[in-house]
Amino acid sequence: METQQTYTSEQEPLRTKNDNSALWKGVIVSILVLALLLPVSYIKMLVAERSERHEQVIQEISNQWAGEQMVSGPVLMVPYYEIVQKDGRTITQKANAYFIADKLSVNSEILPEVRKRSLYKVQLMKSELKLKGTFKPLQLAALGLSADKMLWNEAKLLIGLSDTKGLSKEAQLDWNTEKQVLQPGVPENGLCASGLSAPVKVNPEGTVDFNITMNVRSSRHLYFSLMAGTTDASLSSSWSSPSFTGMPDTAEINAKGFRAHWSLSQASRAYPRQWKQSIPNLSNNTIGVSFANSDESYIKTDRVVKYAILFIALTFAVFFLIEVLQRIQIHPLQYGLVGIALCIFYTLLLSISEYTGFDTAYIIASLATILLIGMYVWSIFHKPAVALSFTIGLAALYAYIYFLIQLEEMSLIFGSIALFLVVAAIMFFTRKVNWYQLNKRM
């Protein structure tokens with residue numbers, strides 16, 4: 001016979017409308033996370049606005065100083081007469097032949113100079129360029145030309161310079177034993193739109209040694225499109241964080257500055273030693289250096305903001321986990337206050353970095369946020385061990401985010417690993433939680 005079991009009203013295990021309070025708490029917390037997308041979006045726009053303003057300041061100062069500089073050449077241009085057929089007629093017209101040096105060496109000492117306007121700093125450059133090289137006898141036969149068709153008295157040496165207002169002194173040219181000043185402006189040539197030129201005497205069967213000295217100002221970037229059979233280039237500066245274009249053969253970088261050297265052989269040259277009207281592609285022979293500006297703070301801040309929602313969601317998840325394990329209910333308003341504190345971290349980071357740089361600002365903003373939330377957690381739970389554990393975890397999270405943004409290309413894989421470990425930890429600590437009985441436990 002079956003025994004009929006009865007329950008009193010106090011014993012009856014019926015589910016009430018409050019049995020799903022934990023579920024509703026999770027829904028509310030999720031809504032709070034989504035609501036915080038609004039201030040995070042505003043912070044992203046604020047970072048973009050400040051970065052744009054900084055770029056405008058850079059452009060304004062660069063327009064007064066000089067822009068990015070591209071130094072190309074040197075190239076010897078010799079006009080000649082050619083006979084062509086046009087509209088059924090035979091005519092004689094003028095054209096240009098171009099010749100590059102057989103050997104070229106470039107040495108440049110770059111002096112960094114910082115100009116400040118309001119909160120913004122702009123990194124500028126002063127460079128003393130020394131170009132030394134040799135032109136060997138010209139190979140006219142390779143172009144199908146003869147010496148009698150060449151206009152030797154119109155020969156010019158061309159040096160391309162993208163912003164000629166960056167010349168702080170007259171550029172000097174030693175052409176064999178003849179000394180002269182390179183003049184701003186170049187004849188139409190299709191190779192460079194602006195630069196310097198000088199008429200030179202050319203002996204097609206002789207060798208010419210030349211030296212060029214220029215003092216050039218530039219903003220942030222100094223590039224060279226060096227044109228010669230073989231080229232050696234050496235750049236040095238007291239700036240300790242350069243970014244190179246074209247992999248240097250050797251580079252020494254330390255706290256006192258850098259020294260880099262490039263060696264370009266004939267085999268690596270993607271253009272001929274001489275040509276006529278068609279212009280070769282010179283893009284593969286560009287080398288140079290860039291100086292980082294304070295706009296990197298905006299770039300790094302923007303990268304940190306991209307982790308904001310993930311950061312907030314993980315913090316709320318840990319809060320909810322503590323709430324479950326400690327059997328202490330946390331009001332949604334308290335979640336919201338913690339979320340706002342996490343958002344304010346990004347505005348602190350942005351504003352302080354404009355004065356101190358990114359690294360210092362990150363330390364200050366993260367410490368302030370960690371201490372604020374840590375003390376708030378202690379006031380909620382009144383358990384030093386819980387508050388200390390949460391504070392240490394939050395500090396580890398901020399440290400890991402900083403680590404991720406330094407990695408750049410490898411940040412995705414390390415971020416994925418970190419997320420996996422966090423989810424694994426949450427699963428481990430909640431493996432014995434009876435989620436259906438949360439209301440009775442809390």
Side-chain angles (χ1 to χ4, degrees), residues 25-54 119 294-323 330-381 386-387 389-406 411 415 418-419 422-423 426:
K25 174 64 72 65
V27 172
I28 293 172
V29 170
S30 299
I31 293 174
L32 281 175
V33 172
L34 295 177
L36 289 171
L37 282 171
L38 183 61
V40 169
S41 300
Y42 170 75
I43 293 169
K44 288 182 178 180
M45 291 188 294
L46 184 61
V47 173
E49 178 186 341
R50 302 295 288 185
S51 179
E52 182 180 353
R53 174 55 186 157
H54 180 240
L119 299 176
S294 56
D295 58 353
E296 284 198 349
S297 295
Y298 297 109
I299 296 173
K300 291 183 177 180
T301 301
D302 181 67
R303 293 178 62 190
V304 173
V305 174
K306 291 178 180 178
Y307 291 97
I309 290 302
L310 177 62
F311 202 102
I312 294 170
L314 286 176
T315 304
F316 281 11
V318 173
F319 245 69
F320 187 75
L321 180 61
I322 296 175
E323 182 178 358
I330 304 176
H331 196 277
L333 179 61
Q334 293 172 309
Y335 278 93
L337 290 174
V338 171
I340 293 172
L342 293 173
C343 290
I344 292 176
F345 160 77
Y346 301 100
T347 58
L348 283 174
L349 175 62
L350 174 62
S351 58
I352 297 174
S353 66
E354 293 182 330
Y355 293 91
T356 65
F358 178 82
D359 293 340
T360 303
Y362 193 93
I363 293 173
I364 295 173
S366 59
L367 284 177
T369 306
I370 291 168
L371 290 174
L372 175 63
I373 297 177
M375 289 187 294
Y376 190 62
V377 169
W378 181 86
S379 67
I380 293 174
F381 296 102
V386 173
S389 299
F390 184 87
T391 303
I392 292 175
L394 190 62
L397 191 55
Y398 274 109
Y400 198 79
I401 294 296
Y402 181 81
F403 171 71
L404 285 181
I405 64 172
Q406 305 301 319
S411 61
L419 277 176
V422 169
V423 172
I426 294 175

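Both backbone and side-chain heavy atoms feed into the values below; hydrogens, waters and symmetry mates do not.
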Enumerate, atom names and distances included, each donor-acceptor pair closer than 3.5 Å involving a side-chain atom of residues 41-50, sequence neighbours excluded.
| residue | atom | partner | partner atom | Å |
| --- | --- | --- | --- | --- |
| Ser41 | OG | Leu37 | O | 2.8 |
| Arg50 | NE | Glu354 | OE2 | 2.8 |
| Arg50 | NH2 | Glu354 | OE1 | 2.8 |
| Arg50 | NH2 | Glu354 | OE2 | 3.2 |

For residues 339-347, which side-chain N or O atoms pair as donor and acceptor with protein atoms under 3.5 Å away, sequence neighbours left out?
| residue | atom | partner | partner atom | Å |
| --- | --- | --- | --- | --- |
| Thr347 | OG1 | Ile344 | O | 2.7 |

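Not counting sequence neighbours, the partners of Tyr335 by the side-chain hydrogen bond (donor to acceptor under 3.5 Å, both in side chains) test are Glu323. Every residue meeting the ring-ring contact (aromatic ring centres under 6.0 Å, His included) condition with Phe390, not counting sequence neighbours, appears here in chain and number order: Phe319. By the side chain to side chain contact (heavy atoms under 4.5 Å, CB included) test, Ile392 pairs with Leu388, sequence neighbours left out. Residues passing the side chain to side chain contact (heavy atoms under 4.5 Å, CB included) test with Ser389, sequence neighbours excluded: none. Residues forming a side chain to side chain contact (heavy atoms under 4.5 Å, CB included) with Ser351 (at least two apart in sequence, or on another chain): none.
Contacts classified as salt bridge (Lys or Arg N to Asp or Glu O under 4.0 Å) and involving residues 368-377 (residues at least two apart or in different chains) are not found. Applying the salt bridge (Lys or Arg N to Asp or Glu O under 4.0 Å) test to residues at least two apart or on different chains, none of the pairs has a partner in residues 391-405. Applying the salt bridge (Lys or Arg N to Asp or Glu O under 4.0 Å) test to residues at least two apart or on different chains, none of the pairs has a partner in residues 330-351. Here side chain to side chain donor-acceptor pair (under 3.5 Å) pairs that include residues 358-375, with residues two or more places apart or in two chains, are Asp359-Tyr402. The list of salt bridge (Lys or Arg N to Asp or Glu O under 4.0 Å) pairs with a residue in residues 331-346, not counting sequence neighbours, is empty.
Here the side chains of Asp302 and Ser51 are not in contact, with every heavy-atom distance at 4.5 Å or above. Within the 4.5 Å cutoff, the side chain of Ile363 has no heavy atoms near those of the Tyr398 side chain.
Nearest heavy-atom pair, Ile370 versus Ala395, reported as atom, atom and distance to 0.1 Å: CD1-CA, 3.5 Å. Scanning both residues, Ser353 and Leu350, for their nearest heavy atoms gives OG-O, 2.8 Å. Counting all heavy atoms, side chain and backbone alike, Gly374 lies closest to Ala387 at O-CB, 4.1 Å.
Between the CG atom of Leu36 and the CD1 atom of Ile312 there is a distance of 4.5 Å, given to the nearest 0.5 Å.
Looking only at distances, a side-chain donor or acceptor of Ser379 sits under 3.5 Å from a matching main-chain atom of Tyr376.
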